[in-house]
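Worksheet: one structure, shown below.
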Amino acid sequence: MDAFKQLAELIFPEIQETVGDLEKRYPPRNLKETAQVTRFAPSPTGFLHTGSLFTAMVAKKVAKDSGGIFFLRLEDTDTKREVSGSGEQLISQLAEFGITLDEGFLGDRDTGGYGPYRQSKRASIYKVVIKHLLANNLAYPCFCSTEELDTLRKTQEEQKVVPGYYGKYATCRYLSPEESIVKIKEGQPYVIRFRSKGDHFRKTLIRDLIRGEINIAENDIDIVILKSDGLPTYHFAHVVDDHFMHTTVVTRGEEWISSLPIHVEIFNAIGWKAPEYAHLPLIMKLENGNKRKLSKRKDEEAAVSFFIEDGYPPRAVMAYLMSIANSNFEEWTEKSNIYDIDKFTFNLDKMSLDGALFDLDKLTFFAKEVIARMSAHRLASLSKKWAINHAPELLDLINRNTDYYEQILNIEREKENPRKDFAKYSDIYSHIRFFYHDHYLNLVSVDLPFDERITKDKVISFLRGFMKANDYTLDNDDWFLSLKEIALISGFAPNNKEYKNNLDKYIGHVGDAAEILRISLTGSKNSPNLWAILQVLGQEEAEKRLNYVIEKLR
RNA sequence: GGUCCUAUGGUCAAGCGGCUAAGACGCAACCCUCUCAAGGUUGAAUCGCGGGUUCGAUUCCCGCUAGGAUCACCA
């Protein structure tokens with residue numbers, strides 16, 4: 001046995017499998033030629049980031065539009081930063097936005113034949129490959145301490161040379177296998193590094209699906225592939241996992257471009273075919289006139305939980321994200337009149353290359369469109385679902401009478417040009433609470449904002465006249481005609497023009513009368529269509545309110 | 001700082017050698033109107049700079065500038 005094999009054997013005596021065995025265990029997928037296999041590979045370090053949702057959306061679209069497979073792999077090799085339970089949260093949040101998986105990590109279990117799908121459970125797989133690398137002198141143990149590495153970096157910075165563990169600075173790469181064996185036997189701690197054969201001064205052309213050819217210097221750094229805790233680093237895990245899981249297109253943020261040479265080199269060194277890469281633009285935020293990456297710490301919209309908590313319809317969030325990804329999506333929604341990204345044909349070529357600034361106004365626009373197109377029934381059920389977790393005060397109203405709630409939501413809905421006053425479920429409560437008597441009483445307990453030009457007596461007389469004459473069975477148009485007549489009796493002109501021409505003859509116009517009614521019924525100067533409100537309230541409740549106002553004024 | 005990526009209105013962007021430089025969001029005005037939310041009409045607002053190439057550059061090339069990303073036993 002040669003010394004490299006001995007070294008490999010010493011480090012991984014328990015590993016008996018070979019790379020060939022793994023190839024057999026994870027055979028090529030049985031898919032048609034054009035089908036793409038993509039994945040979303042988050043690390044469980046906290047909440048789902050908006051940028052990650054964007055990446056996941058694109059990955060899923062690429063797979064599904066090509067009849068392929070979309071899977072999720074949990075990259076949990078950083079045990080220090082791991083937030084327990086966030087892996088489960090990740091997939092449930094993904095599901096809220098309609099990102100479901102064909103296979104992969106499901107929280108309590110995995111599904112699919114290429115697992116395990118969490119990297120912490122794949123340690124033995126990585127070790128098989130590393131043992132192979134070690135035996136072939138493609139990797140070596142490194143005994144440098146973090147302190148030594150730090151001083152190396154400092155001196156490199158002082159000497160103004162490219163920092164890093166490479167070439168002559170990579171002292172452990174010159175250790176003979178025999179020397180390494182001695183050190184290991186002495187019990188010295190170590191990591192495993194990849195032995196790079198690259199030349200920093202030589203450039204290679206790498207193809208990116210959305211950026212075209214990228215000209216980057218080769219990697220010459222002997223990167224760590226196995227940490228002292230026995231888990232691989234991202235670079236190595238990515239190569240091994242995407243090889244055995246047969247990923248065909250890797251979609252990830254553009255921050256990965258610079259490490260592309262590392263990944264390509266490792267694929268080549270092992271003799272594997274690298275997947276195609278699509279590096280997605282980052283979602284940015286404007287701060288002090290400068291763009292920056294959307295930050296989880298500073299920006300509430302950076303975590304998707306923000307949209308969930310505020311009650312933005314997930315479909316609207318996805319539509320917004322898709323409009324960033326493919327700007328022709330918006331055009332498509334106008335034609336198709338739906339906002340379902342699953343029905344849209346996504347195109348990687350149409351991705352823009354620089355990071356979009358997150359635009360809450362635009363999301364609001366999408367959200368209003370999406371909600372306006374829902375049936376009252378659907379809105380009622382979705383908003384109720386949301387309220388259960390996020391808005392007890394709204395839930396209270398809903399639970400009093402679901403039918404009534406639905407009637408309220410149905411005002412000026414389910415027609416050609418529906419109302420667009422809700423962008424998110426959290427907007428609902430303040431808009432509708434006046435429909436509930438106890439809330440109404442609270443709202444009108446303060447001063448009623450009646451127009452000062454009109455005396456209390458006139459208000460009262462109009463309200464009385466209205467109660468006496470109003471016909472609740474009329475349709476909208478006829479009702480307003482009748483309101484004009486009722487108002488005229490109390491001295492209101494039937495229209496503004498008539499009023500302006502005869503200022504001394506009238507106390508106001510029908511609009512003023514409507515305002516009095518509106519304030520009396522809702523406590524506010526602004527509300528949806530009065531006729532619709534009266535329909536929902538019903539005669540009894542309406543009169544109760546009008547009488548209440550009359551009493552209050554007297 | 002090295003390296004890489006990017007560069008059209010405030011934002012998202014179409015454009016791919018010749019156009020009065022699309023469209024959407026936002027903004028403004030007007031119209032409609034019982035208020036609001038809408039809807040309709042109109043408007044303001046863009047090719048970062050400098051060199052080339054070309055009869056002609058927003059478009060192709062180079063440089064500059066600006067912004068971004070990245071340089072860990074984090075992903």
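Everything numeric in this text was worked out from a predicted model, so none of it was measured. Throughout, protein chains are lettered first and strands after them, A, B, ... in sequence-line order, and every chain is numbered starting at 1. FYI, side chains are in, hydrogens and waters are out, and symmetry mates aren't considered; it's all heavy atoms of this structure.
Under the 3.5 Å distance criterion, with hydrogens and angles disregarded, a donor-acceptor pair is assigned to the side chains of A/Ser383 and A/Tyr405. Of the N and O atoms on the side chains of A/Glu265 and A/Asn219, at least one donor lies less than 3.5 Å from an acceptor on the other residue. A donor-acceptor contact under 3.5 angstrom links the side chains of A/Ser527 and A/Arg518, judged on distance only. A/Asp512 and A/Tyr499 form no side-chain donor-acceptor contact under 3.5 Å, judged by distance and modelled atom types alone.
The distance between atom CZ of A/Arg153 and atom C1' of B/rC71, rounded to the nearest whole Å, is 10 Å. Rounded to an integer number of Å, the gap from CG of A/Asp359 to P of B/rC27 is 11 Å. B/rG68 atom P lies 20 Å from atom CH2 of A/Trp256, rounded to whole Å. Between the CD atom of A/Glu254 and the P atom of B/rU70 there is a distance of 9 Å, rounded to whole Å. Note: CG (A/Leu353) to C1' (B/rA13) measures 12 Å, nearest angstrom. Taking atom NZ on A/Lys203 and atom P on B/rU3, their separation rounds to 7 Å, with Å as the unit. The distance between atom CZ of A/Arg207 and atom C1' of B/rC5, rounded to the nearest whole Å, is 18 Å.
Of all non-hydrogen atoms in A/Pro261 and A/Ser258, the two that sit nearest each other are CD-O, 3.5 Å.
When each of A/Leu282 and A/Ile257 is assigned the nucleotide of RNA chain B bearing its nearest heavy atom, the one mapping closer to the 5' terminus is A/Ile257. Projected onto RNA chain B by closest heavy-atom contact, A/Ala325 and A/Glu369 fall at different nucleotides, the more 5' of which corresponds to A/Ala325.
Under the side-chain hydrogen bond (donor to acceptor under 3.5 Å, both in side chains) criterion, A/His263 pairs with A/His235, A/Arg252, sequence neighbours left out. The salt bridge (Lys or Arg N to Asp or Glu O under 4.0 Å) test applied to A/Arg202 returns A/Glu218, not counting sequence neighbours.
Side-chain contact between A/Ile210 and A/Leu280 is present, with at least one heavy-atom pair separated by less than 4.5 Å. A heavy-atom distance below 4.5 Å is found between the side chains of A/Pro313 and A/Met374. The side-chain heavy atoms of A/Tyr190 and A/Ile11, taken from C-beta on, include a pair separated by under 4.5 Å.
Counting non-hydrogen atoms under 4.0 angstrom, A/Ser323 reaches the backbone sugars and phosphates but no base.
Using a 4.0 Å cutoff on non-hydrogen atoms, no part of residues 154-173 of chain A comes near RNA chain B.
Separating the P atom of B/rU59 from that of B/rG40 is a span of 36 Å, rounded to the nearest Å.
Rounding to the nearest 0.5 Å places CG of A/Asn470 at 11.0 Å from CG of A/Leu463. The OG1 atom of A/Thr333 sits 4.5 Å away from atom OH of A/Tyr339, with the distance rounded to the nearest 0.5 Å.
For A/Arg413 and B/rA37, the shortest distance from a side-chain N or O to OP1 or OP2 is not below 4.0 Å. Contact annotation: A/Thr77 side-chain N/O to B/rA75 OP1/OP2 distance is under 4.0 Å.
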Taking protein heavy atoms under 4.0 Å as touching, what does nucleotides 30-35 of chain B look like 5' to 3' if B marks base contact, S marks sugar-phosphate-only contact and - marks none?
----BB

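A salt bridge links A/Arg373 to A/Glu369: one of the charged nitrogens lies within less than 4.0 Å of a carboxylate oxygen.
Stem regions annotated for RNA chain B: B:1-7 with B:65-71, B:10-12 with B:23-25, B:27-31 with B:39-43, B:48-52 with B:60-64, counting only runs of 3 or more consecutive pairs of Watson-Crick or G-U type with both contacts under 3.5 Å.
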Pairwise N/O distances under 3.5 Å, protein to nucleotides 21-23 of chain B:
none

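When A/Glu148, A/Glu147, A/Arg153 are each tested for a side chain to side chain contact (heavy atoms under 4.5 Å, CB included) with A/Asp150, only one passes: A/Arg153.
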